[in-house]
Amino acid sequence: WMKNTSIPLDLAFANSKGEVTKISYDAEPLSLDLIDGGENIQYVLEVNAGMAGELNLFVGSKLIHSIIDESVPSS
């Protein structure tokens, strides 16, 4: 949900290997509606609404960060 967030966001949901499996665009500020990321989600990248497109973020993109262990099997 977006309860305490005052700006719209794009949310990229990723599995344990950092693979983006779903993107929710333009989440409504201050909403209490559930934003379902799907099953086996380990990470969520939140960016200002519209940035997912500007960054060419898509299902299948790979999030790279030091805390993401690529050797972990995806569930």
Side-chain angles (χ1 to χ4, degrees):
W1 66 9
M2 298 279 290
K3 180 179 179 180
N4 297 314
T5 305
S6 59
I7 61 170
L9 297 177
D10 292 340
L11 305 130
F13 299 91
N15 63 20
S16 59
K17 295 179 111 179
E19 299 162 345
V20 175
T21 58
K22 182 177 180 181
I23 301 174
S24 177
Y25 298 95
D26 203 21
E28 181 182 346
L30 307 175
S31 173
L32 297 180
D33 293 340
L34 176 66
I35 301 171
D36 183 15
E39 295 184 22
N40 301 313
I41 298 304
Q42 181 72 32
Y43 306 103
V44 180
L45 174 65
E46 301 177 350
V47 295
N48 292 352
M51 289 288 299
E54 290 178 30
L55 296 170
N56 194 30
L57 194 58
F58 55 89
V59 171
S61 292
K62 181 78 171 193
L63 302 182
I64 299 172
H65 190 280
S66 60
I67 66 167
I68 298 174
D69 184 355
E70 295 181 41
S71 67
V72 174
S74 298
S75 314

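Since the structure is predicted, the reported quantities are computational estimates derived from the model, not experimental observations. This chain uses plain numbering: 1 for the first residue, then up along the sequence.
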Engineer: Can you measure from CG (Asp69) to OG (Ser16) and round to the nearest 0.5 angstrom?
Structural biologist: 8.5 Å
Engineer: Which atom names give the shortest non-hydrogen contact between Pro29 and Ile7, and what distance separates them?
Structural biologist: CG-C, 3.5 Å
Engineer: State yes or no: do Leu11 and Ile41 share one hydrophobic cluster built from I, L, V, M, F, W and Y residues joined by side-chain heavy-atom distances below 4.5 Å, directly or via other members?
Structural biologist: yes
Engineer: Going by side-chain contact (heavy atoms from CB on, under 4.5 Å), Phe13 matches just one of Leu45, Val20, Asp36, Val44. Which one?
Structural biologist: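 The passing option is Val44.
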Engineer: How far apart are the closest heavy atoms of Leu9 and Glu46, and which atoms are they?
Structural biologist: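 Smallest interatomic distance, heavy atoms only, reads CD1-OE1, 3.9 Å.
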Engineer: Out of Leu34, Ile35, Asp33, which one pairs with Ser31 under the side-chain contact (heavy atoms from CB on, under 4.5 Å) rule?
Structural biologist: Asp33
Engineer: State yes or no: do Phe58 and Leu55 share one hydrophobic cluster built from I, L, V, M, F, W and Y residues joined by side-chain heavy-atom distances below 4.5 Å, directly or via other members?
Structural biologist: no
Engineer: Is the shortest heavy-atom distance from the side chain of Gln42 to the side chain of Asn15 under 4.5 Å?
Structural biologist: no
Engineer: For Thr21 and Gly37, work out which heavy atoms get closest and say how close.
Structural biologist: OG1-O, 4.3 Å
Engineer: Where do Tyr25 and Ala52 come nearest, in terms of heavy atoms and distance?
Structural biologist: CE2-CB, 3.8 Å
Engineer: Apply the test side-chain contact (heavy atoms from CB on, under 4.5 Å) to residues Lys62 and Ile68: give CA-CA distance (whole Å), side-chain angles for both, the deciding distance (0.1 Å), then the verdict.
Structural biologist: CA-CA 10 Å; Lys62 181 78 171 193; Ile68 298 174; 5.6 Å; no
Engineer: If I compare all heavy atoms of Asn48 with all of Asp10, which pair ends up nearest, and what's the gap?
Structural biologist: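 Closest approach of Asn48 to Asp10: O-OD2, 3.8 Å.
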